[in-house]
4 protein chains.
Amino acid sequence: MTREDLIAFLDREFPQIHEGGQTYFLEEIGPLSARMRMEYRDRHLRPGGTISGPSMMTLADLALYAAILAHIGPVALAVTTNLSFNFLRKPEPRALIGECRLLKLGKRLAVGEVSIFSEGRAGVVCHATGTYSIPER
Amino acid sequence: MTREDLIAFLDREFPQIHEGGQTYFLEEIGPLSARMRMEYRDRHLRPGGTISGPSMMTLADLALYAAILAHIGPVALAVTTNLSFNFLRKPEPRALIGECRLLKLGKRLAVGEVSIFSEGRAGVVCHATGTYSIPER
Amino acid sequence: MTREDLIAFLDREFPQIHEGGQTYFLEEIGPLSARMRMEYRDRHLRPGGTISGPSMMTLADLALYAAILAHIGPVALAVTTNLSFNFLRKPEPRALIGECRLLKLGKRLAVGEVSIFSEGRAGVVCHATGTYSIPER
Amino acid sequence: MTREDLIAFLDREFPQIHEGGQTYFLEEIGPLSARMRMEYRDRHLRPGGTISGPSMMTLADLALYAAILAHIGPVALAVTTNLSFNFLRKPEPRALIGECRLLKLGKRLAVGEVSIFSEGRAGVVCHATGTYSIPER
């Protein structure tokens, strides 16, 4: 699937991620990789002005999902089975970038990692790994 | 802190978790344990009518946070450093119960686990473990 | 499989775990549960007299594997896909007990957790979660 | 600490990792990174000729530990608090290379990841993340 196909697919199958105004944008798809950008709104903030954990979870999950679908096609039923997060620095109120790399794309399981950065800053704010169960085709 | 103290503290420090109407409720605090209940709204659902991963992340994080604060007092700056989730079954549209048990409550780190159930059903839908960094007192 | 069947199967398929003298013992199998005991030898110790992380990894992996095989039969090819460990206390030089509970036993994936204790002591020294891919039957 | 300092420190503090003959070698230390090589012996193999999970755990833990010590000095008491492994491919009987990258090196916690490869082959066989508690200095 191309980036345009993926965007159309995600918009159609997961309209709720745009609820309250679109903030998640698929920026790039490459070989076993994807980059997703998240703009923040007040609803994504926590006390102290940091961006919430669940917002970063959504960013990581979407980036991994997009990278997998780009290779296996629009399998809406690919299922997240594990997500693990290390929260490394408080993300200041800036857009977040999720850089995803697939480590394995097997017949039954896909595994990848996502490094989340504040836009324009070095230093990973959150690192995630995820596992997805791929339905039989 | 008693259950009433904790509820007042969470309401004051994390008002955004009640945005759109309160859905997270601290039901019980015990020795190294807590039980949190989450009612669902349309905004928590995903295609197919299941409750979203980020909603369960919030439930697990709150349950762990409440169990820790009950022992160490209102340290608003205790920081989540790791959260890991195994998604086991699709949660149907029912209230979710998070049963939290602290495994360690040290001077610098607290570690616990949360089993999330659909209310009135057996079978864990999601299992989480979390680590929190505790500031010096 | 009964406890005796499992012991015979593990001895036959994984003889290397007994190298240098048997130290891992399957003590009990129950519904979605297993208890494994590990005696220690000098080779399992680390500086300061604590039991090594890899020894606890083997204990957790064996306990989960035994609990899974007890239900699905001698599928030597069930494969560990994820293991996560929280190290909570330094295990003193005492036998270790791994109490395993399966959280899910699906057609393709099994997920469980293991709490490791020093024999005769309260307080989890290490908590593990694991995921296993089950081959088609 | 230089690579030579680190090798001398690890040899002195962790002699048991060389028991039965040295198989773990620190190949390189860089900024927030380390590369560790593991030769295998029969004792590291599992049925089917793959290299065991606990061997890879030791490789990942040593690589992370070396990368941390290179920056903070010989703090023998830095403690592993979490290790998580995704096992991606069966490692054939070849030397393993662990490429470690630190994601955070804070005052109290260090977090890093390790990609383990079979020497001379592409494709990660195991991916690990680890967290270490750093004692006050």
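Sequence lines set the chain letters: A, B, ... in the order given, protein chains first and strands last, and positions in each chain run from 1. Quick note: numbers below take in every heavy atom, side chains included, and nothing from hydrogens, waters or symmetry partners. Fair warning: this is a prediction, and the values are worked out from it, not measured in the lab.
- Counting heavy atoms from C-beta on, the side chains of Gln16(B) and Ser52(A) never come closer than 4.5 Å.
- Exactly one of Asn82(A), Thr81(A), Leu83(A), Val79(A) qualifies for a side chain to side chain contact (heavy atoms under 4.5 Å, CB included) with Phe87(B). That residue is Leu83(A).
- Note: Arg43(B) CZ to Glu19(A) CD = 9.0 Å, rounded to the nearest 0.5 Å.
- Note: Ser84(A) leads Ser84(A), Gly53(A), Gly130(A) in heavy-atom pairs under 4.5 Å with chain B.
- In this structure, the separation between CE on Met56(B) and CE on Met57(A) is 7.0 Å, given to the nearest 0.5 Å.
- Between Pro54(B) and the options Asp61(A), Ile17(A), Thr58(A), a side chain to side chain contact (heavy atoms under 4.5 Å, CB included) holds for only Thr58(A).
- No part of Leu88(A) comes within reach of chain B, as not one of its non-hydrogen atoms sits under 4.5 angstrom from that chain.
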